[in-house]
Amino acid sequence: MADLFIDFAALSRVRHDMDGIADLLSRPVDAMRTRAAGATGHDGLRQRLQEFGDDWDYGIKQLGKYSAGCSEALENIRTQFEKLDQELASAFEDQA
């Protein structure tokens, strides 16, 4: 029979990373869309940089949405495994 082992610290780290993905990625896109576009003196280039930033902003918002869903799923996994661990411990105590 195999032992059941869940690394709750690793689960928490991954969940924390998922929570920060949107923020981490949105900063450079925002800088590109606003500062880089504003720094150029060419109207066509400025417009293209703003469009490029807007496109990436949409994609990053989607990544943020999915990473938030992943984070929620990881929290549910943690909760269920902790519950299972408590139930197993109780079952062993009842048999002792």
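We're numbering straight along the sequence, starting at 1.
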More than 12 heavy atoms of other groups within 6.0 Å of E72 CD: no
Working to the nearest 0.5 Å, report the span between CD1 of I21 and OH of Y66. 13.5 Å
With a 3.5 Å distance limit and no angle check, can you tell me whether T79 reaches the backbone of E75 through a side-chain donor-acceptor pair? yes
What's the spacing between Q47 CD and H42 NE2 if we round to 0.5 Å? 10.5 Å
Can you tell me how far the OG atom of S67 sits from the CD atom of Q62, to the nearest 0.5 Å? 11.0 Å
Salt bridge K61-D57, side-chain N to carboxylate O under 4.0 Å: yes
Flag yes if L24 and Y58 sit in one hydrophobic cluster, no otherwise; membership is Ile, Leu, Val, Met, Phe, Trp, Tyr, and two members link when side-chain heavy atoms are under 4.5 Å apart. no
Would you mind reporting whether R46 and Q50 have side-chain heavy atoms less than 4.5 Å apart? yes
Donor-acceptor list for residues 82-91 side chains, cut-off 3.5 Å, not counting sequence neighbours:
from : atom 1 : to  : atom 2 : distance (Å)
E82  : OE1    : R78 : NH1    : 2.5
E82  : OE2    : R78 : NH1    : 2.9
S90  : OG     : Q86 : O      : 3.1

Kindly compute the distance separating OG (S12) from CG (D19), expressed to the nearest 0.5 Å. 10.5 Å
Side chain to side chain contact (heavy atoms under 4.5 Å, CB included) partners for D7, two or more places apart: F5, A9, A10
Hey, does the side chain of R15 reach the backbone of L74 with a donor-acceptor pair shorter than 3.5 angstrom? no
